[in-house]
Amino acid sequence: MWIPTEHEKYGVVLASFRGTLQHGLSLEIGDTVQILEKCEGWYRGFVLKNPNAKGIFPASYIHLKNAQIKNKGQFETVIPTEDTVITEMTSTLRDWGAMWKQLYVKNEGDLFHRLWHVMNEILDLRRQVLVGHLTHDRMKDVKQHITARLDWGNEQLGLDLVPRKNFSMVDPDDISVTELYKLMEHRHRKKETPVPVSTHHLFVHMKSLMSSNLGEELEVFFYIYDSRESRPLSERFFVRLNKQGVPKSPEKTERQCTLFVDLGSSDLRKDVYIVVHIIRIGRMGAGEKKNVCSVQYRRPFGCAVVSIADLLTSDCKDDHLLKVYTCNTESDWYQIHDNIIRKVNSRYNLSGSNTGLAVSLQLLHGDIEQIRREYMALFTRGVSITKKLGFSEVIMPGEMRNDLYVTLERGEFEKGGKSVARNVEVTVYVLDSDGQMLKNYVCAGSGEPGGDEYHSFVLYHNNSPRWMEQIKLPIPVDMFRGSHVRFEFRHCSTKEKGEKKLFGFSFVPLMQEDGRTLPDGTHELIIHKCEENANLQDSARYLKLPFSKGNLPGNNQAAKSSKESLWITSFLCSTKLTQNGDMLDLLKWRAHPERINDSLTKLKEIDGSEIVKFLQDTLDTLFGILDENSQRYGLKVFDCLVHIINLLQDSKFQHFKPVMDTYIESHFAGALSYRDLIKVLKWYVDRIVDAEHQEHIQQVLKATEYIFKYIIQSRRLFSRATGGQNEEEFRCCVHELFMSLRFFLSQESKGASPVTQTQAVFLRTFPAVYSELLKIFSVREVANFVRETLGSLPVLMHADCPLEAVKLQCIAKTVESQIYTNPESRCILLPVVLRHLQAHMQEQRDLVMCARILSSMFSLIRKDNADLAVSEEVAMIVESLLSVLLRTILEITNRPQPAGTALRLQYQDVTGEFVACLLALLRQMTDKHYQQLLERFSTKDDLRDFLLQIFTVFRILIRPEMFPKDWTVMRLVTNNVIITTVLYLSDALRKNFLNEKFDYKVWDSYFFLSVIFINQPCLQLEGFSPSKKKKVLEKYGDMRVMMGCEIFSMWQNLGEHKLNFIPAMIGPFLEVTLVPQPDLRNVMIPIFHDMMDWEQRRSGNFKQVEAKLIDKLDSLMSDGKGDETYRELFNSIIPLFGPYPSLLKKIERETWRESGISLIATVTRLMERLLDYRDCMKLGEVDGKKIGCTVSLLNFYKTELNKEEMYIRYIHKLYDLHLKAQNYTEASYTLLLYDELLEWSERPLREFLNYPMQSEWQRKEYLHLTIIQNFDRGKCWENGIILCRELADQYEAYYDYRNLSKMRMMEASLYDKIMDQQRLEPEFFRVGFYGKKFPFFLRNKEFVCRGHDYERLEAFQQRMLNEFPHAIAMQHVNQPDDTIFQADAQYLQIYAVSPIPESQDVLQRDGVPDNIKSFYKVNHIWRFRYDRPFHKGAKDKENEFKSLWVERTTLTLIQSLPGISRCV
C-alpha cells in the first residue's frame, strides 16, 4: 500500500533507471528527485527538472538527503538543508551544463573551454566543502572562490546577478528592498570597479650570477632606492653565492627569496629602483695569482639596477636577466648605481658581455595578511621579510621594533708613514655596558642571520674611502642603555703574508645620559690611534674619551684639528625609545614641577610618532597633572588632550584609536576628571558665538567623541567608588552642556561664516557621542538629547551653506546608530528626521544624502514585521514622504543626464536608491495605510493627481534601463510591489472616477501602465530556463495573468465609458494578447468582442475597430510578437480555458455576426501571411521565398483589405528586396505600382517613409526618374522609353524646356542602347509547390519563374532545392493527386516552359533588327506552353513513333512576366 513519506522527501539518483515497467519513471544518474509516497522498497515521485511527469522507481537507486518542507501537502516544496552555497552551486552547474553544450554547437570555442575549466574548478571546491575537513578561515576562502567563479560564469553566460550576504544567496523576502538594492549594487560595482590597493610588496628570488670570470664566492645585496632623493627606502636583502654563482644554501629558500614589504603607492614610480650590489670575497686584485695570500677581502665586483615601474605591467613572476656593470675607477663605487641610473657612461662599463644576474621579480598587491592567504606556498616554503627603512605609512599598535640602522659613509685617513695610500677595512662590533660583545646583533641584511661583527669592503690604496654600506643593529630595548658601537680600522697588506694591521678605532654610545638615544643624522667620529696589540677589551678605558667631533668641548683643539675622521649616519626605528628631550621632560614632570607649564606648551610641537609611542604614559601624565592641580593647569591639560585626540584622526596614526579605547576602558583612573572636562568644554562652547577666531574651538569640537568618552568613564569610575554620589549634579551639568550646544547650533548666519563652520565641525562628531551617553543615560533620555539637539538646527538654510550637507550627514549617522535601531527611541527621533528630510526633498537639495538616510530607515523594516509600532512608523513616513518621494523620482528621471561620468553615476545611484525606498515603503503598506492615505485627499483633484503621479512613476520603474540587465531579482520584487499597489489603487479608481465622475486621463494612465507591465521582458517566463521559471512561479506566480484579470475586471466596470477607449486601446490590448500565455489570452480576447459590440452600437459598424486591429497587428507581428497558436485564438471553435467561450462563438450569437465573422476571417488570413512574412525575414540572404511572401502580403492589403498605406509600405519593402538581389527590372515594376496610384496634380503630400513633404507632381516625377534608372540597369529600355515620353509631355506642358531637353536626350540614349548593346534571353520554368509543409503563400500553388542570366534548368532546380532544403524534387511532369497536396511534406515539381509572345506583328515583320525582336520575345508574356510526349494506345515495338503523341499545355498567368516578382 502506498503511504505518503514523512522524512524521505528528497534524494539524488545513484544509477540510471530506464523506467520501462508500468508507471515507471526514467531516471538519469545525478538527477534530484522529490519523493511523494513509498511502498515496499519503491518510491513514487518526480524529477525536479520535470515536475509534471510523476512515476515510480526503486528506493535502492536513491541516496536520501535531509530537506526542509514548505507548504506541506499537495503543493509542498522541498528545500535541501545543506549549505546554501552547495545548493546554489548544484543548481547553477545544472543550468550551465545545458548552456555549455550550446556553446559548442554555436562554435564559441574559447568560452566553451574557459567555462569547462571553471566548472571543474567549482566541482573540486564543492568536494572540499562537502568533505567538511576545512578550517573556518579556509572554508571562508573556498566559499569566496566559489562565489567569485559562479558570478564570473553567470556574467559570461548572460545570467542573472545573484544577491549575496556572507557568500549565501539572499531571499528578497527576508530583507528590506533597500538592503536588497545595496547588495545588488555592491555586487554590480564590485564587478565594474576593483578597489585600488594602497599597500604593495616586492617578491625577489635570487637565482644565479652568470659570468665567465667567477671563481670566488660572492655576496649579493638588494635594496630599494629612491633616485629622486638619493636615499635607500628599504633594508638590504643579503644572499651568499658560491664559486659557481648560485646560492650557497639552495635548500633554504628564505636565504634566496625575500619580500620587500609595505611599499606605498607613491613608491611605485619610475625613479624608484631595485639596486643590486655584488661583492666578491677573495684576493685584493681580481687577476692576482692564486695562493699568494690566504687572507680574503671583501672587494667590489659589480652593480645592476631595474626600475620598479617596469614590473607594474606584469602580473606574473617574471624572470629577469640584469646587466652587471663595474666602475672605471674604484673610488666611484659608492655612487655606481646613481651613475647607471643617470647614464653617466664615462664612469662605468659592462662587467663582460656574458655577465648577467638571473632574478625573479614580482609585485604583489594588498595587505600582508591578504598576501599570506593568497600566496600560501611562498610562506610555507620560506621567505625572508625585508622591511622598509622607518615605519610604514600606517603605524600599527603592538608593532614591536627597535632597529638602529648605521651607514658607514666615508673615512678620512693619513698615510701613516707609507709611500702609498692605505687599503682600509672597517670592522664593526656592538658591546654592552660591561664591554662584552653582543652576539648575533650585527646584520648585513635580511636573508642571513645576524653575526657578531661586520667587515666593510676594501678599496685599493684609498685614504678617503667612501663605503655607503648600511648595517642593521636590532638591539633589544633593555640592552640599549650603556651599549656602544666600536669601529676598528685595519690596513690590509697585499704582501705575501696578507696581514690586517689595526691602526685606530672609533666608538659611539647608543644612549645619552638623560635617556635620549643617539640622534638621527650624520656623526663625525674621532679616530683614536692605537697599535695592533692595543687592548680594546677593557672598554671602560676608552669610553671616557670624546667620541664625536660635534660635541667636543672648546679646549680640546688637538682632537678637533686631527684630519682623521669617520662619518656615519644613524637612523633609529623604535617603538619604545625616544630621541626627544621635551617628551622625556613631560613624562618626568614630578621631578621638575616648575617645568610643567613649559612641557605642556611644547607637547604640541613634538612629532606625532613620538607621542603615540608613549601614548599611555603621556595620558597618565596629563590626568596626573589634572588631578593634582586642576585649577592651574586644567585648560592646558584639556588642550593637550585635544591635541592628542586629534593626532589620532591622522591616517598615519588612526590605528592607535583602539589603544586609546583600551586605555580609557582599562587604565584610565581619573575619577574626578569629568567635572573639569565638562567645565572646560562648556566654557569653550559658551564662547563660540562671540569668539573672533574659531580655529582652536573647532579643534576642541573635533575631539568631542573622545572627550565624552573620558567624561563618561570618569563618571562611571566615580559612581563605582562612591556608590553613585552626586548623580543629580552630573546630570544637571550634562543638561546645561547640551543647552549651551543647542544655543550655539540655533545661531543662523548667512554663507560660510566661522560660526557655521564650527557648527559643521560639531555635527560631524556628534553621532559618535550617542554610544557613550548610553552607558549612563537611558535610551529615551539619549533620544531626547539628540532630538532636541537636531531640532535646534534650522530646517532649511541658504543653498550654498556648508552646514546643509553636514546636517544631513549627522542625521544619516543618527539613523544608522544604536539609538535609532531601538524601537523605543526610534519613535522619539522619527518626527525630527522626517521634518528635515521632507524639507530637503521638497527643495530637491542634497538628494544623495537623503537617499542614504531613507535607505537606512527602511533597511530596519522587514517585510514580515507587522508590529503596531512599525505600522505607526510606516503611517508617519507615508504621510510625510510618499508624495514628495514620488515627485523626487519623477524629477530626477526626467532631468537631462549630466555630461560627466562621475556625476552621471551619482544621479543613477540616487535614482536607484530612491526607487528602492519607494518600493520598501509600498511593500510595507497595509489596507489600513492605503485607507488612511486615500482619506487624506480632501478633493477629487488631489486624488486624481496622486494616481496619475504614482502610475507615471510605476511606468518609469518598469523601463528596461531602470536597473542593469542582469538584475532580474530586483525587477521581480519591483513588479510584485507594483501589482500589489495597483490592486489596492484600482479600488479607489472604481469608487471615485466612474459614472458621472469619470476621468479619462486617470483610466487611460491605468490601462497604459497595465499593458506595459504585462509586456515587460523580465516577466516573459517562456524564455526562462525550467529551474528559473519554477522559482519565479513558486515565489510570485504569473504576474501577467494577475494583471490581465485586473484589466478585464476594470474594463467590465467601465460600462458605456468603454467607448472612450475605442479604438485607442485596441493596439495596447492586442499587444497583451500576443503574449504566449494561454490564460492571459483567454482573459483578454473577450474584450475585443466587447469593443466590437460597443462600436456597433455607436456607429452601426466597427470599421474603426477593424482598421486599428489590422494596423496594430502588422506592426506588432513585424516586431516578432505572436506565434502559431495565436492565429487560432480569433478563429478557434474549441472552448478556451475559463468561463469565456471563443471569440468566434460569441460573435455568432450577435445580430452583426456576418460582418463580425468576416472580420475574424480577414484577421486570421492576415495573421497567416504576417507569420509567414516574419519567418521568411528571419533568414539571411534575399531569396525567392522572401520576395514571394512580400508579394502575397502586398496583394492581400490591396485586394482584400484595401489598406492603401500598408500596401505602399510593402511596395517599398519589396522594392528594397529586389534592389538587394539586383532584380532591377522587377524593382522598376514594383515601384511602378506606387507611381500608378499618383496623379500629375499639385495636391500636397505629407512626409512619408523616406519621401519629404512635397506635391504629388514632384513625387510622381521623382518616381518616374527612379523607375527609368532601374529599367535602364535591368536592360528593359523599351519600358523606360514609355516613361521618358510621359515625363517629356509633362515638362512640355509646363514649358520646362531645360528638363525636356534632358529627357529627350535620355530617351535617345535608351534607343542607342537597344541597338548597340547585347541582351540575353532568359529561360522560364514552371514550379509547383505541393504539400502542407510549405508556407501559406506557396502551399499547393503553381508559378512560372523567370531565370537569371545564363541559368539553365539544372542550375535553377538546384537553387530552388537550396532555398527549400527539406523539399523532395518530383521526377515526373504529371499533375499530382490529392495525396501529394495533403501530405505533411514539401514536393517541388520543376520543368522548363516556352514563352508565347503577344506582339506577333513585330516579330513577323521583315526588316526589324534582332536586337528589337529579342525584347518582345521575352517581355509582356502572359502565356507559356509546355509539350509533353506520350504514347497513345499500345506502344509499337517496331516503330515507336507510330503511337507517339505530343500533349501541349498552355499556361496563362494572372500577371505578365516580367512583373513585380520573378515568379508569377
Side-chain angles (χ1 to χ4, degrees), residues 221 223 232 234-238 261 384-392 395-396 398-409 426-456 467 469-488 505-523 525 536-540 542-543 545 547-548 551 566-581 583-584 587 609-610 612-614 617:
F221 294 92
Y223 62 94
S234 73
E235 300 176 0
R236 300 198 298 177
F237 168 56
F238 173 26
V261 294
S384 63
I385 299 295
T386 307
K387 295 177 185 173
K388 204 172 173 184
L389 279 185
F391 292 109
S392 55
I395 302 175
M396 299 299 290
E399 188 179 335
M400 293 300 291
R401 223 173 143 181
N402 201 56
D403 298 330
L404 177 66
Y405 295 96
V406 174
T407 305
L408 292 173
E409 294 273 344
V426 184
T427 312
V428 183
Y429 303 93
V430 183
L431 298 96
D432 63 14
S433 51
D434 300 329
Q436 296 299 313
M437 192 185 295
L438 292 177
K439 305 268 186 187
N440 306 327
Y441 285 123
V442 182
C443 290
S446 64
E448 290 288 333
D452 305 342
E453 59 190 32
Y454 179 77
H455 298 277
S456 73
W467 297 282
E469 282 197 278
Q470 178 202 89
I471 53 174
K472 181 170 84 168
L473 310 175
I475 304 162
V477 176
D478 52 341
M479 295 183 182
F480 227 78
R481 183 176 283 279
S483 295
H484 68 280
V485 181
R486 186 169 76 218
F487 306 91
E488 296 180 3
F505 72 93
S506 296
F507 70 94
V508 60
L510 299 183
M511 196 175 270
Q512 299 173 20
E513 290 298 318
D514 59 3
R516 282 184 294 167
T517 59
L518 179 72
D520 291 350
T522 304
H523 310 278
L525 303 185
L536 296 177
Q537 295 299 320
D538 184 7
S539 59
Y542 64 77
L543 281 176
L545 299 170
F547 65 89
S548 164
N551 57 3
L566 171 71
W567 281 268
I568 64 163
T569 303
S570 70
F571 171 69
L572 178 69
C573 187
S574 172
T575 53
K576 284 292 172 192
L577 299 172
T578 183
Q579 301 169 350
N580 192 296
M583 192 79 225
L584 290 169
L587 296 177
S609 57
E610 295 293 320
V612 297
K613 277 186 207 174
F614 304 102
D617 298 337

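Keep in mind that what you see is a predicted model, and the values were worked out from it rather than measured.
Of the inter-residue distances, the one linking E235 atom CD with C443 atom SG reads 8.5 Å to the nearest 0.5 angstrom. Between atom CG of residue L404 and atom CZ of residue F571 there is a gap of 10.0 Å, rounded to the nearest 0.5 Å. The CD atom of E409 sits 10.5 Å away from atom CH2 of W467, with the distance rounded to the nearest 0.5 Å. In this structure, the separation between CG on L545 and CZ on F507 is 5.5 Å, given to the nearest 0.5 Å. One distance of note links CD of E448 with CZ of F237; it measures 8.5 Å at 0.5 Å rounding. The distance from the OG atom of S548 to the CD1 atom of I568 is 9.0 Å, given to the nearest 0.5 Å.
What you find for S483 and L438 is that their closest heavy atoms are OG-CD1, 4.1 Å. Here the closest non-hydrogen pair linking P519 and H523 is O-NE2, 3.0 Å. The minimum heavy-atom distance linking D403 with K387 is given by the pair OD2-NZ, 4.0 Å. Between Y405 and C573, the closest heavy-atom pair is CE1-CB, 4.2 Å.
Under the side-chain hydrogen bond (donor to acceptor under 3.5 Å, both in side chains) criterion, Q470 pairs with no residue, sequence neighbours left out. In this structure, the side-chain hydrogen bond (donor to acceptor under 3.5 Å, both in side chains) partners of Y454, at least two apart in sequence or on a different chain, are R236, R298, E469. For Y429, there are no ring-ring contact (aromatic ring centres under 6.0 Å, His included) partners two or more places apart in sequence or in a different chain. When the salt bridge (Lys or Arg N to Asp or Glu O under 4.0 Å) test is applied to E488, the partners found at least two apart in sequence or on another chain are R486, R490. Residues that satisfy the side-chain hydrogen bond (donor to acceptor under 3.5 Å, both in side chains) test with H484, not counting sequence neighbours, are Y542. For S506, the side chain to side chain contact (heavy atoms under 4.5 Å, CB included) partners at least two apart in sequence or on another chain are F487, F489, L525, I527, L566. Contacts of S539 classified as side-chain hydrogen bond (donor to acceptor under 3.5 Å, both in side chains), with partners at least two apart in sequence or in another chain: none.
With T569 as reference, T522 is the one residue of T407, T522, D520 to meet the side chain to side chain donor-acceptor pair (under 3.5 Å) rule.
At distances below 3.5 Å, not a single donor-acceptor pair connects side-chain atoms of D432 with backbone N or O atoms of G482.
Under the 4.5 Å side-chain criterion, counting only non-hydrogen atoms from C-beta, V428 is not in contact with V406.
Within the structure, side chain to side chain donor-acceptor pair (under 3.5 Å) contacts touching residues 433-447 (residues at least two apart or in different chains) are T386-S446.
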